[in-house]
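Because the structure is predicted, anything quoted here is derived from the model rather than measured. Throughout, protein chains are lettered first and strands after them, A, B, ... in sequence-line order, and every chain is numbered starting at 1.
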Number of protein chains: 2
Amino acid sequence: MKPDSNPDVMTIRQMCDAFDVTPRTLRFYEAKELLSPIREGTRRLFTRRDRARLALILRGKRFGFSLEDIRQTLDLYDRDGGQTAQRQKAYELAMKRLTEMEAQRAELDLAIAELKTELAEAEARGLVSRHAA
Amino acid sequence: MKPDSNPDVMTIRQMCDAFDVTPRTLRFYEAKELLSPIREGTRRLFTRRDRARLALILRGKRFGFSLEDIRQTLDLYDRDGGQTAQRQKAYELAMKRLTEMEAQRAELDLAIAELKTELAEAEARGLVSRHAA
DNA sequence: AGACAGGTTGACGTTAACGTCAGCGTAACG
DNA sequence: CGTTACGCTGACGTTAACGTCAACCTGTCT
């Protein structure tokens with residue numbers, strides 16, 4: 001019987017298709033303790049928790065955070081386990097990340113505005129056409 | 001006589017102090033054609049143009065862009081030189097970057113909102129204190 | 001039984017973005 | 001004129017984040 005009868009867990013290939021990553025990447029993330037799929041014999045089965053974490057990981061990457069940065073922040077989203085002291089640390093770390101992200105947002109807004117200005121000027125100088133080949 | 005008598009150019013060390021990077025980094029960026037300081041004999045002298053570009057480079061990095069991505073976009077800010085065809089390409093590339101950045105901002109907003117929610121819930125669950133050690 | 005699809009574990013290769021170190025040049029200072 | 005500061009050029013080392021490949025197991029289909 002196939003193991004994917006359970007809709008709550010996914011095989012490595014299903015994960016790859018769903019998130020557009022390679023098996024190597026998922027195993028790598030597991031080795032780095034970003035994911036912790038359960039084992040059915042030797043095979044990995046990824047739970048909802050793994051999927052949620054992977055989504056957060058990929059997002060974090062798009063924002064330029066390192067896997068190590070991400071790993072540490074990730075624990076906040078784990079409402080269940082963890083000692084109080086650990087949770088407190090995760091919380092504070094997440095606060096720090098929040099501050100960073102808000103700063104990044106501010107700078108991003110600025111950069112976008114500047115780039116728009118630059119594009120408008122280039123246009124005004126008549127050296128480019130809005131839509132070409 | 002010291003070369004830094006000219007306020008328009010800076011030595012490598014002045015650049016390092018101003019932008020908090022190492023000499024190695026500046027030479028590396030030059031090798032990758034992101035910067036093109038003039039030479040006084042063997043020594044590098046960085047112009048206003050180099051400084052402007054470096055600022056953009058460092059910003060781009062904070063947004064998670066690769067040096068290669070940055071290098072290509074950078075040319076848009078070079079109002080002077082360049083063939084028309086080249087400028088047109090740079091323009092279109094910059095448009096693409098703009099779209100990317102706006103998408104990134106949207107996702108960033110979402111992520112910030114989610115993280116805030118998560119923090120609020122953690123607080124509500126009473127497992128953490130807003131400000132600890 | 002044979003073959004095939006899908007998964008697993010090492011182990012080594014690769015790319016980006018620098019760090020580090022040796023060896024050399026040179027300019028200004030005491 | 002020696003040395004101290006600053007800079008330069010290779011050239012090799014390093015870290016992160018995977019890619020690639022070989023060798024192996026295992027369930028399923030024919």
Note: [X]-[Y] ion pair, threshold 4.0 Å (strictly below):
{"X": "B:Glu40", "Y": "B:Arg43", "result": "no"}
{"X": "A:Lys61", "Y": "A:Glu68", "result": "no"}
{"X": "A:Arg49", "Y": "A:Asp78", "result": "yes"}

Establish, with yes or no, whether the OP1 or OP2 oxygen of [N] is under 4.0 angstrom from a side-chain nitrogen or oxygen of [X].
{"X": "B:Thr22", "N": "C:dG19", "answer": "yes"}
{"X": "A:Thr11", "N": "C:dG6", "answer": "no"}
{"X": "A:Arg39", "N": "C:dT9", "answer": "yes"}
{"X": "A:Tyr29", "N": "D:dC18", "answer": "yes"}
{"X": "A:Lys61", "N": "D:dC18", "answer": "yes"}
{"X": "A:Arg43", "N": "C:dT8", "answer": "no"}
{"X": "A:Thr25", "N": "D:dG19", "answer": "yes"}

Nearest-Å distance for atom pair [atom1]/[atom2], residues [X] and [N]:
{"X": "B:Ile12", "N": "D:dA5", "atom1": "CD1", "atom2": "P", "result": "18 Å"}
{"X": "B:Asp17", "N": "D:dG7", "atom1": "CG", "atom2": "P", "result": "9 Å"}
{"X": "B:Glu40", "N": "C:dA27", "atom1": "CD", "atom2": "P", "result": "9 Å"}
{"X": "B:Met15", "N": "D:dG7", "atom1": "CE", "atom2": "P", "result": "12 Å"}
{"X": "A:Phe28", "N": "C:dT14", "atom1": "CZ", "atom2": "P", "result": "17 Å"}
{"X": "B:Ile70", "N": "C:dA16", "atom1": "CD1", "atom2": "P", "result": "14 Å"}
{"X": "B:Arg24", "N": "D:dT9", "atom1": "CZ", "atom2": "C1'", "result": "11 Å"}
{"X": "A:Met10", "N": "C:dG6", "atom1": "CE", "atom2": "P", "result": "15 Å"}

Only one of A:Leu54, A:Val9, A:Leu26 clears side chain to side chain contact (heavy atoms under 4.5 Å, CB included) with A:Phe46; which?
-> A:Leu26

Partners meeting side-chain contact (heavy atoms from CB on, under 4.5 Å) with B:Ile112 (sequence neighbours left out) | A:Leu98, A:Met101, A:Glu102, A:Arg105, B:Leu108, B:Lys116

Would you indicate what A:Arg44 reaches in the nucleic acid, counting non-hydrogen atoms under 4.0 angstrom: base, sugar-phosphate, or nothing?
-> sugar-phosphate

Remember a base hit wins even if backbone is also touched, and classify A:Arg13 as base, sugar-phosphate or nothing at under 4.0 Å, heavy atoms.
-> sugar-phosphate

Looking only at C:dT8, D:dA11, D:dC18, the nucleotide nearest the A:Leu67 side chain is D:dC18

Check: C:dT9 base within 3.5 Å donor-acceptor of A:Arg27 side chain | no

